[in-house]
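All remarks here apply to the structure that follows.
Counting starts at 1 for both ligands and their atoms, in listed order.
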Amino acid sequence: MKTVLLTGAGGSVGTFLRNELNGKYNLRLSDIKPIEQLASGETFVAGDIGRLADMLRVTKGVDAIIHLGGFAVEGPWDVILRSNIIGLYNVYEAARINGVKRILFATSNHAMGFYRRDQKIDHRTYPKPDSRYGVSKVFGEQLGSLYADKYGMEIFCIRIGNAATMPADKRRLSIWVSPRDLAQLVQIGIDHPDIRFEIVYGVSGNRRSWYDNSNAERLGYRPQDDAEQYATEVLAREKPVQDERSELHQGGNFVSAEIGGDPSRVTPKVNAKQAAAKSKAKKAVKATKAAKPKAKNSVKPKAKKAVKKKR
Ligand code: 15L
């Protein structure tokens, strides 16, 4: 049985995949925080993707890596840089050094989020990321392309829409992926004998899909689910449109939001930092306003005199 490493195994996608893949592979789970309850066939190895030494230890001896680790929404540049750029490089580089050829990279619909919802895109369409997060996903795809061409590695990029037990809103009716469909794609990524560098969309067979997923189908993907079965329920709950730009684009509120495409997912620490920076900026503006009248009073009379003298 193959041994498959899941980085970021403690997150929601990792949890879905652990359930779906149990018994099919030996699963080595890795995350920065411990995962306490392990099923049979699972082992846990702690590791921080920001450190190459950790990744060298964690990736040693596995047959394939499912890279889910990193920051999963829009965030400040230093966070994206460490988790999704440096962290990703560490995983690819550790795999190369340890001779692990196959990597499944969990990329995202946000690599393409600035396409409009009335546009159909496929694996050949050029990226239009909607956020720093989206840019980091494009970076991961392109690093995969480099490692495939230069080092002969086998890279399978899954642009995940939204993995959940059911679609959460109207936008997700187009990009939802059920856990079992995602697991089917993942199995193709692990076991297909002929992968060099591939991009597929991690979405179910949704009637409202914005993607031509023919590349996944070519590799054998036959989705079992369609978000449409939830459409009536989801649309009944849908709130009125709040932001036209988000509504127009596939990336939804990631295209409009500066920090936190999905603000409820931004860590409190980041919010606290932002709040502090905001109040500092406000104080600075107040101080400038307070100082202005004085400056005006002292300059104006002199200037007037100077003008009078000239005449
Ligand atoms: C993603 O890439 C995120 O990881 C996930 O949390 C959702 O925000 C998803 O995209 C989405 O677009 O719904």
At under 4.0 Å between heavy atoms, is it the side chain or the backbone of I160 that contacts ligand 1, or both, or neither? neither
Which of the atoms in ligand 1, numbered in the order shown and given with their element, are less than 4.0 Å from a heavy-atom of [X]?
| X | answer |
| --- | --- |
| Y133 | 1 (C), 2 (O), 3 (C), 4 (O) |
| N162 | 7 (C), 9 (C), 11 (C), 13 (O) |
| H110 | 1 (C), 2 (O), 9 (C), 10 (O), 11 (C), 12 (O) |
| S108 | 1 (C), 2 (O) |

Of L5, L38, V45, T43, which is the lone residue that meets side chain to side chain contact (heavy atoms under 4.5 Å, CB included) with L29?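 The option that passes is L38.
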Could you tell me if K2 sits above the aromatic ring of Y25, with its cationic atom closer than 6.0 Å to the ring centre and no more than 45 degrees from the axis?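 Because its charged atom misses either the 6.0 Å distance or the 45° angle limit, K2 does not stack over Y25.
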Heavy-atom nearest neighbour of atom 9 (C) of ligand 1 within options G70, A106, G161: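 The option holding the nearest heavy atom is G161.
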In terms of side-chain geometry, is the basic nitrogen of R180 or D225 positioned less than 4.0 Å from the acidic oxygen of its partner?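 A salt bridge is present here (some side-chain N lies under 4.0 Å from a carboxylate O).
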Would you call V203 and W176 a side-chain contact if the rule is heavy atoms closer than 4.5 Å?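 Heavy-atom side-chain distance check fails, nothing below 4.5 Å.
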Please tell me if the side chains of L143 and L88 come closer than 4.5 Å, counting only heavy atoms from C-beta onward.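 Of all side-chain heavy-atom pairs linking L88 with L143, at least one is under 4.5 Å.
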Is S12 in contact with ligand 1, taking contact as a heavy-atom separation below 4.0 Å? no
Under a heavy-atom criterion of less than 4.0 Å, does K137 contact ligand 1?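 It does not, in that no heavy atom of K137 comes within the 4.0 Å cut-off of ligand 1.
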Is there a donor-acceptor pair closer than 3.5 Å between any side-chain N or O of Q224 and the backbone N or O of R222? yes
For R218, all residues meeting salt bridge (charged side-chain N to carboxylate O under 4.0 Å, His left out), sequence neighbours excluded: E198
Hey, does I175 come in under 3.5 Å of ligand 1, counting only N/O atoms on both sides?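 By distance alone, the answer is no.
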